[in-house]
Number of protein chains: 2
Amino acid sequence: MSDKRKSTRRRRGSEQPTLQQVADAAGVSAITVSRALNAPERVNAATRIKVLATVERLGYVPNLVAGSLASARSRFIAVIVPSLANAVFIEVIHGLQETFEREGYQILLGNTDYDIEREYQLIRTFLGWSCSALVTAGLRHSEACRSLLTHWDKPIMEVMELGDALDLNVGLDHHEAGRCMARHLLAQQYRSVVYVGACLDRDYRARMRFEGHREVLHAAGLEAPMIELDQLGSLDAGATGLERVLSRYPSADAIHFANDDLATGALLRAQRLGMTIPGDIAIAGFNGLPLGQHVTPRLTTIRSPRENMGRLAAEEVLKRLDAKRVTRRRHDVGFELLVGGST
Amino acid sequence: MSDKRKSTRRRRGSEQPTLQQVADAAGVSAITVSRALNAPERVNAATRIKVLATVERLGYVPNLVAGSLASARSRFIAVIVPSLANAVFIEVIHGLQETFEREGYQILLGNTDYDIEREYQLIRTFLGWSCSALVTAGLRHSEACRSLLTHWDKPIMEVMELGDALDLNVGLDHHEAGRCMARHLLAQQYRSVVYVGACLDRDYRARMRFEGHREVLHAAGLEAPMIELDQLGSLDAGATGLERVLSRYPSADAIHFANDDLATGALLRAQRLGMTIPGDIAIAGFNGLPLGQHVTPRLTTIRSPRENMGRLAAEEVLKRLDAKRVTRRRHDVGFELLVGGST
DNA sequence: TAAAACTATGTTAGCGCTAACATGGTAGCG
DNA sequence: CGCTACCATGTTAGCGCTAACATAGTTTTA
C-alpha cells in the first residue's frame, strides 16, 4: 500500500539511498539535490546546506553510472600505454593522473603490451564508457582504430612522439634524439658504435632513434651495426645485449642502448666482468631515469621530461574540455643530453 | 513524421548507433541483440550470426554505461594502491590486470599517495561506479571507509599484508619478514645494525618490519636504532640514508633498509665514496627487485612474490564473483630470504 | 511602472540498456 | 495425445540520474 510501485515486478534494489530519497528527506525535488552536488552555485546557500546535510546523514553515494547515462558523458579519461614495466610510462601516467584528478576526472588505464590490435580493442571498450577524452601513447594505430577515432568527437591526445596527430599532440622527436646521441658519441671519438634495442617492431620509437643514429653514422662514413634483443627493456636484457656485442663486434668501442634499463644492465654487467667504463667500452642510454644517474660512472643518456609530458598533455586536454581555445595542437617537450662518465 | 519521438525536446543524440537501431536493421528485437552480444549461447546460431554481422556493419559500440545502469553492475574492479612510484605496486597491478582483463573486467586504478583519507574518497567514488569488486593495498582504513565497506556487499580483497581483513586477504607477514632479516644479520655476526626507513607513519608496513627487526635485536640484548627519512623509497633517499648512518652511528656495521630502492641507492653511493660492501658496512633491503640483483655485490634482501600476489588476489576475487565457494579467505604468499654478497 | 532580466526551483521526459515475465513453438515421454 | 519441459524470442518496465523547458518570485532597467 505504501509502495508507490505500479507493478509487482521487482528489480534488484541496491539498498543504497537514491537521489530521490535524499530529495524527499530534504523536502526538495531531485533536480535540486543534483544541482546542490554538481553545480552548487546554482542553488541558494540555505537550500544547499540543508541538502548536503541530508546527503551526509543518509550516507548517499551518487550513482555515477546513472549520471553518466543521463548526461551522455562520464568523467573518465581513457589512458592507453604500451607497457607498465617501463618506468617512463609510469611517470607519464603519474603526471596525467595528478592533473586530471585535481579536476575530478578519473583515469581508465589500459595496457596494450605494445600490441596495436589490443589498442583497438581497448579503445572500443573505453568509448563504450563515454569517456571525456582519450590519451594514448604514440601515433601509430590500426586502420580500424583510426577510423573509429576520426568519427569520435571528443579530445584525443597522442603523447610520447611528435608528428602528424589525429588531434592533440605532446611529445618529442625521437629521430632527433637518436641523432643527438650519435653525434655526441662521434664527438667523443668513438668510431665503432653498436646500437642495441629490443623488439624494435613493437617499440618503434626505439627504432626511430636508431634511424636517427644510423643517419649520423652513415653521414660520417661509418657503419651502423644493430643488435635486436627479443626481451623488452630490463636490466637482464641489457646484460645479454652487452654480451652479444662483445662476441659479435669485439672491436666495438661504444654501445648506444635503446633505453636506460638496457644500458644500466649492461653497465652493471660490464663492471661485474671487471671491465672499465668507458675505457673498455662506452655506454649510452635513453630516458634519463634516476637509476642511470646513481651508478658510477653516471650514465650518459637523454632525459625526456616525462612527468611534465603527462602534466602538459593533461592540461591541454582540460583546456579543450573547458571549451577554451587551444592555441597549439602540437607541443614539442624536447629533450636534454645528459653527459655522464660512461662515454 | 518518420521520427517516432513524441515530444519536440531533443537530447544530445550521440550519432552512435544504438542497440535498437541494430535490432531494427537485423529484424529482431533489442533484447535479442543484447543476448547475442552478452550471452551468445542463449540465441539461435543463425540469428546470432545475422545480428553480429549487423553489429559489424553499423560499427555498433555497446554503451557500457547504459548496460551497467540497467544491470546494476559494471565490469569494473576498483584497485587502490598507495603509490605508483614503487615498482612493487606496479607488479601487483600487472598481475591483477592480466588476470582480470582475461575475464573481461576493467581495472579502475586509484592512487592514495599513502593518504588514508584519499583512500576513502577514492572508494566512495568507485562505489558510485557500481564496481564488481574492490582490491585495496593494506588493512588500515579510516573509520568512515570501514563503515562504508562493511555495508557493501561485493567482494573486497585486501592485499600486501596479512591479518584481520574485511573479507578476502592475500599477503605476507611483514613483522616476520623484519624478524627474518634481523636474524640473518645477527647470524652474520653484525652487532651494530641500524634500520633505515622512510615516512614510516604512512608506509606502516615498513614500520611493521622494523618492529619485527627490533624485537629480534632486543631479544639478543642489542640496541635497535632507527633513522627515518622524509622522502619515500628512492635511490636518492637511500644515498641520504647512508650518509645519515655514517654520521650518526659511525660504528654501525650493517644497515637494514626498508626497501630495495633505499638499499641500492645506499650501496651505489657507498661505492662512489670508495667504501667496500660488506667490508666497511653491510646492506640489506626488502622486496627482491631485479635492480638489487644486478649490482655487485648482489643485494641481500627478501623477495615477495609480487606479480603472484596480484594474480592470486584476482583469482580469488573471480572465484567469488563466479559464486564459487571460497575455501580460504586468507592466503599467505610468504617470502624468501635472498642472501647476496652485500651482507 | 511595465517590461525585461535574472534567480531559485520544479516538471517532464528520456539516456540506452537489461531483468523479469510472457508467449509460442518444438520436442520428449508415458 | 495430453502433459511437462525446454528453447528462442518478444514485451514491458524500469535502472538513477540530468537536459530541457516551465514557472513563480524578485530585481533591474528604461
Side-chain angles (χ1 to χ4, degrees), chain A residues 3-24 26-51 55 58 60-75 127-130, chain B residues 3-24 26-51 55 58 60-75 127-130:
Chain A
D3 192 336
K4 277 187 278 178
R5 246 177 246 282
K6 295 157 207 149
S7 119
T8 55
R9 290 185 185 182
R10 296 297 313 268
R11 296 293 282 275
R12 70 265 130 253
S14 64
E15 319 288 307
Q16 284 287 326
T18 67
L19 192 88
Q20 185 62 59
Q21 287 168 29
V22 174
D24 293 348
V28 296
S29 72
I31 194 73
T32 300
V33 179
S34 172
R35 290 196 186 110
L37 291 170
N38 301 319
E41 75 284 357
R42 295 189 52 195
V43 174
N44 179 290
T47 313
R48 183 166 65 234
I49 288 163
K50 181 176 64 181
V51 168
V55 163
L58 300 187
Y60 170 67
V61 176
N63 185 326
L64 301 174
V65 178
S68 299
L69 179 61
S71 64
R73 66 197 154 71
S74 71
R75 290 184 81 80
L127 294 199
W129 283 110
S130 310
Chain B
D3 193 336
K4 276 187 280 181
R5 245 176 247 285
K6 295 159 209 148
S7 113
T8 54
R9 289 186 186 183
R10 297 298 312 270
R11 295 295 280 275
R12 68 262 132 254
S14 66
E15 317 290 305
Q16 285 286 327
T18 67
L19 193 87
Q20 186 61 59
Q21 286 168 30
V22 174
D24 293 347
V28 297
S29 72
I31 194 74
T32 301
V33 179
S34 171
R35 289 203 268 253
L37 291 169
N38 302 321
E41 74 286 356
R42 295 189 51 196
V43 173
N44 178 289
T47 313
R48 184 167 62 234
I49 288 164
K50 183 175 64 181
V51 168
V55 164
L58 299 188
Y60 170 67
V61 176
N63 184 327
L64 301 173
V65 177
S68 299
L69 179 61
S71 65
R73 66 198 151 72
S74 72
R75 291 184 78 80
L127 295 199
W129 284 111
S130 310

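Hydrogens, waters and symmetry mates play no part in the numbers below; they use all other heavy atoms, side chains included. The sequence lines fix the lettering, A, B, ..., with proteins before strands; numbering per chain opens at 1.
- Taking only side-chain nitrogens and oxygens, B:Ser71 never comes nearer than 4.0 Å to OP1 or OP2 of C:dT18.
- For the pair A:Ser34 and D:dT18, the criterion of a side-chain N or O lying under 4.0 Å from OP1 or OP2 is met.
- Rounded to whole Å, atom C1' of C:dC15 lies 4 Å from atom CG of A:Leu69.
- For A:Ser29, no side-chain nitrogen or oxygen approaches OP1 or OP2 of C:dT11 to under 4.0 Å.
- Contact annotation for A:Ser68: no contact, since no heavy-atom pair falls under 4.0 Å across all strands.
- Rounded to whole Å, atom P of C:dC17 lies 11 Å from atom CD1 of B:Ile31.
- In terms of phosphate contacts, A:Arg73 brings a side-chain nitrogen or oxygen within less than 4.0 Å of OP1 or OP2 of D:dA19.
- Within 4.0 Å of A:Val65, counting heavy atoms only, lies no atom of the nucleic acid at all.
- OP1 or OP2 of C:dC15 has not a single side-chain nitrogen or oxygen of B:Asn63 nearer than 4.0 Å.
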Please tabulate, for the side chains in residues 34-41 of chain B, all donor-acceptor contacts under 3.5 angstrom to protein atoms that are two or more places apart in sequence or on a different chain.
residue: B:Asn38; atom: ND2; partner: B:Ser34; partner atom: O; Å: 3.2

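- One finds no side-chain N or O of B:Thr18 lying less than 4.0 angstrom from the OP1 or OP2 phosphate oxygen of C:dC15.
- B:Tyr60 places its OH atom 7 Å from the C1' atom of C:dC17, with the value rounded to the nearest Å.
- Nucleotide C:dG10 holds its C1' atom 15 Å from the CG atom of A:Asn44, rounded to whole Å.
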